[in-house]
Amino acid sequence: MEIFLSINDWFVGLIPAQITGLTKMVLIALAYLTLFAVLGLYLVLLERKVAAWFQLRIGPNRVGFKGLLQTMADALKLLSKELTGTVKADKFLYNLAPYFVIITSLMALGIFPFTQNLQAYDINIGLFFLIGISSIGVIGILLGGWSSNNKYSLIGAMRSGVQTISYELSIGLSLLTMVLITGSLQLSEIIEVQKNGWLIIQGHIPAVIAFMIYMIAGTAETNRAPFDMVEAESELGAGFHTEYSGMKFAYFFLAEFINMFIIAAIATTVFFGGWLSPFGITESLPWLGVFWFLLKTFILVFLMMWFRWTFPRLRVDQLLTLEWKYLLPINLGNLVIMALIVWLGLTLQF
Amino acid sequence: MTNQELQELIAGWFTDPSAVKLEFTEEGSQFLNISIHPDYLHEMMYYLKINRNTNFDYLFCLTGIDWGKELEVVYHLESTDHRHIIVVRSKIEDRDNPEIDSVHDIWETANFHEREAFDFYGIRFRNHPNLKRLFLSEDFEGYPLRKDYVDEKLMVVK
Amino acid sequence: MRTATINNNFKSEEYFINMGPQHPATHGVLRLLLTIDGEVIKKVDPDLGYIHRSIEKMCESDSYQQIVHLTDRMDYLSAHINNEAVCLTVENALELEVPERVKVIRTIMDELTRLSSHCLWWGVMGMDVGALSSYFYGFRDREMINDIFEETCGARLTMNYNIPGGLRQDIHPNFVKRVKEFLAHFKTKLPEYDRLLTGNVIFQKRTKGVGVLSKEDAISFGASGPVGRASGYSCDVRKHHPYSALDRVEFEEALHTDGDSYARYLVRIQEMWESISIIEQLIDNIPEGDHQVATNAVIKLPKGEYYQKVETARGELGVYIVSTGTKNPYRVKFRSPGLSNLSLLNHITVGGKIGDLVATMATIDIVVPDIDR
């Protein structure tokens, strides 16, 4: 961590004092943007490799060593592709939609603590902010579907609206269950609390239930199989982004993968102790926190990929039945149980 | 039922078989062939389906044949209970405006097969709910499976 | 242009959607005009002919040997069985008795074809309900069958292995060995199919009670093959009108009575087991002998009509040949199983969701060139 601080000191000395705050913000934003765009691209590659593994294939293996540069080639292709669209599309909304999706998902990344002190912005309503920002993304999907002037897109967008509104509840409630233990929405404090044991252990049974509900709802929130109603390629072609091409499509695509990372990162932070190492084995080396954080996150990302390549897709009414008839009541009951456990002091603390 | 029994039973339904041009033959075919005048076809088909002894509930093939002077519609029927098969045929003499009753109300499968026969032979099926071309486009001219169909561009005659 | 000719009394909530001719779920160039209210399907109107090649008209100017080649291109997943249907019709008309060896090999090839077709269907079925991985599992096993075909017939899809009077060439020396290897392999993989899809809760929810077809309707719509048998309608041509070596093998007709998509799925899975059993009964006892009998170079069928039905992977294929005694048939009609099976789509999908339509279409197992011919 010292190295970051010394870079910071050196940098602050370089520029006039009046604009340090602003410049720092811009530079950090640029760094995050580059870093997570690349991360998103490599998540695509990971997905393809995982899919290949599940499907008895080899996967991309031609560009670069073991296909590591494949995803770069894809990005270049998408960048250089012609942007096409329907004549009757509502041009303004049509062009606006991808930015809604990509910007909101990048914004959410800003508040994750990757390790001690490595956090761009530590706001005190962290979790609340995350839930809020992830709901804005769906506006982009709705806009894209509506303005494309394509019936398949519209059906996809409407499905997405229904789905996100429903599963938002479960995400919020399952995270709220855990907030009962931490007593704070601030992500750094949530991790602080977990130094006495990860929340999934502290909260034992209700925490496990909350985690399972969170993972189901999170998969639905990112519109991934088995909840990929929105795209449902065998039903709707490509769903809401049918009429998008080139970079605009790439934004949707990238956002999906970054969202998946975010969902996994939230789960890591709230349930699995964020950057804390298991049993504190590397407590003396805080920079290893990044490794632990990413390891846990990628295990959860892998779990979501596992879902996708194994399960068939639900039907849209079954999707809603699952949420409103099963997940939501269970979640509410779970919340009460958790409250009782916290009140009676039955949490497991080490 | 054997072909002989079927023939006797079906002939018994009509007081005057020659008036409806009812004929039976097994020549040149492995099944019993019944030919009937198109106007009486629907009635006989209906009885073939509902009669307990015949019970032809499965129409497995419906097609047209162009015999030059006249067009013929051929129905292959099977009973899923008795497992006997007959062929019902009906010749339409008016080539320019061929019409016959639709049997889609007896066997649902006739719906598509009659559309196919209409598409290829121009045979109009009366009372058909949706008689339009099945395979060819709406603006296609002529009926390609008729023997007198000519198309110099698309057809290669060997 | 054609949309304008559809007369529907639209209510304000209903709208049209064009599914196909290029759509992932239509498995080819089938176009469905859907009338939809929200997500609920009000009407399905198939629009056919995008791959119509007028095979029946072409047959009228071809010799009987040439017709066989065209049949590959109908239901390309049942190419062997289609070939055999024409050959059987011609042989019956000529009263030609083919050697025992030919009969046994033909039946083995038929069942291999059925297995390969069902493998592909299973993969695509999974894909249609959203489980993409099944596609690759299905293709892995289908690939082995295709290799066997390639070795013996020289082709992987359009085999042209049957000719009137027998087989084009004798089986490859490796044939028996490789078929046995495949069967041993496939018997371990079929339970894997069950583990991946059949037992999956989501899959069962998607298919159980969806697209229900009653037995009466199945018969009335002329359903055949697995679609008919899933409704409890015993329509296996192999049982009722056995041909080739099917009279000497024992197998069970896969019958289910629910009539829903799940029953159609189970029927096909059971059929795969039955096909394995049929091949196992025959593979060790392929009689020695010639692989064809000589026919005239120009085949002329006696004047008359000939009808032969066979059971393809999709259902009952009928070949109806009218001959006037010349070297060309006067009229050839292929009664394709696909057309009848497709005609009931509207009947069983109305009232369901778009997702149901896709799942139901997958269980009907449509091959568009078979419908359009």
Side-chain angles (χ1 to χ4, degrees), chain B residues 26-31 33 49 55-68 72 74 76 78-81 83 85 87 89 104-113 115-117 119-121 130 132-140 144-147 149 151 154-158, chain C residues 1-2 5 45-52 54 56-58 60-63 66 92-93 215-224 228 233-235 240-241 302-309 316 318-320 322-323 328 330-335 339-344 346-347 371-373:
Chain B
E26 283 183 68
E27 193 188 333
S29 170
Q30 69 251 56
F31 309 121
N33 280 251
K49 164 91 182 276
N55 195 10
F56 287 104
D57 49 0
Y58 178 35
L59 172 71
F60 60 90
C61 185
L62 189 163
T63 185
I65 299 176
D66 181 6
W67 288 111
E72 187 175 35
V74 184
H76 285 70
E78 182 172 357
S79 165
T80 55
D81 280 345
R83 294 285 167 196
I85 297 179
V87 184
R89 24 199 347 135
H104 86 275
D105 48 341
I106 307 173
W107 299 281
E108 298 268 11
T109 181
N111 189 331
F112 270 46
H113 285 95
R115 275 175 70 186
E116 188 187 332
D119 201 350
F120 291 158
Y121 289 97
N130 185 21
K132 55 180 190 188
R133 288 196 182 262
L134 184 66
F135 295 129
L136 306 174
S137 58
E138 302 264 283
D139 52 357
F140 192 91
L145 257 71
R146 287 194 184 185
K147 292 283 175 187
Y149 178 80
D151 189 330
L154 301 173
M155 239 167 83
V156 182
V157 182
K158 283 179 229 173
Chain C
M1 179 202 70
R2 268 204 214 180
T5 61
D45 188 10
D47 183 10
L48 307 172
Y50 285 89
I51 193 166
H52 176 64
S54 199
E56 290 173 11
K57 181 80 176 174
M58 282 157 79
E60 287 176 14
S61 51
D62 281 346
S63 72
Q66 285 169 324
N92 286 349
K215 187 181 174 186
E216 288 70 35
D217 285 337
I219 299 172
S220 176
F221 275 104
S224 54
Y233 161 38
S234 162
C235 56
H240 297 294
H241 306 277
K303 192 169 179 299
E305 302 182 353
Y306 309 96
Y307 193 96
Q308 172 72 40
K309 29 170 116 176
E316 178 185 325
V319 179
Y320 177 49
V322 181
S323 169
N328 301 327
Y330 188 75
R331 167 86 172 107
V332 179
K333 157 88 181 168
F334 295 107
R335 186 268 185 207
L339 185 66
S340 299
N341 289 353
L342 179 75
S343 69
L344 52 84
N346 179 51
H347 179 71
I371 298 166
D372 280 0
R373 279 161 287 138

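First the proteins, then the strands, lettered A, B, ... as listed; each starts at 1.
For Ile85(B), the part lying under 4.5 angstrom from a heavy atom of chain C is the side chain only. At a 4.5 Å heavy-atom cutoff, the contact between Phe221(C) and chain B is made by backbone and side-chain atoms alike. Of the two parts of Asp119(B), neither the backbone nor the side chain holds a non-hydrogen atom closer than 4.5 Å to a non-hydrogen atom of chain C. For Asp57(B), the parts lying under 4.5 angstrom from a heavy atom of chain C are both the backbone and the side chain. Heavy atoms of Glu216(C) lying under 4.5 Å from chain B are absent altogether. Residue His347(C) does not touch chain B at all, counting heavy-atom pairs closer than 4.5 Å.
Judged by the 6.0 Å distance and 45° axis criteria, Lys147(B) is positioned over the aromatic ring of Tyr330(C).
For the set His104(B), His76(B), His113(B), Lys49(B), the entry with the most heavy-atom pairs within less than 4.5 Å of chain C is His76(B). Most heavy-atom pairs under 4.5 Å with chain C, from the set Thr80(B), Leu62(B), Leu59(B): that is Thr80(B). Taking chain C as the reference chain and counting heavy-atom pairs below 4.5 Å, the highest number among Trp107(B), Tyr58(B), Trp67(B) is found for Tyr58(B).
Residues that satisfy the salt bridge (charged side-chain N to carboxylate O under 4.0 Å, His left out) test with Asp66(B), not counting sequence neighbours, are Arg95(B).
The aromatic rings of Tyr307(C) and Phe60(B) sit perpendicular to each other, their planes meeting at more than 60°, with 30° as the lower class boundary. Ring geometry, His52(C) versus Phe135(B): the interplanar angle falls under 30°, so the pair is classed parallel (tilted spans 30 to 60°).
Taking a cutoff of 4.0 Å between a charged side-chain nitrogen and a carboxylate oxygen, Arg331(C) and Glu72(B) do not qualify as a salt bridge.
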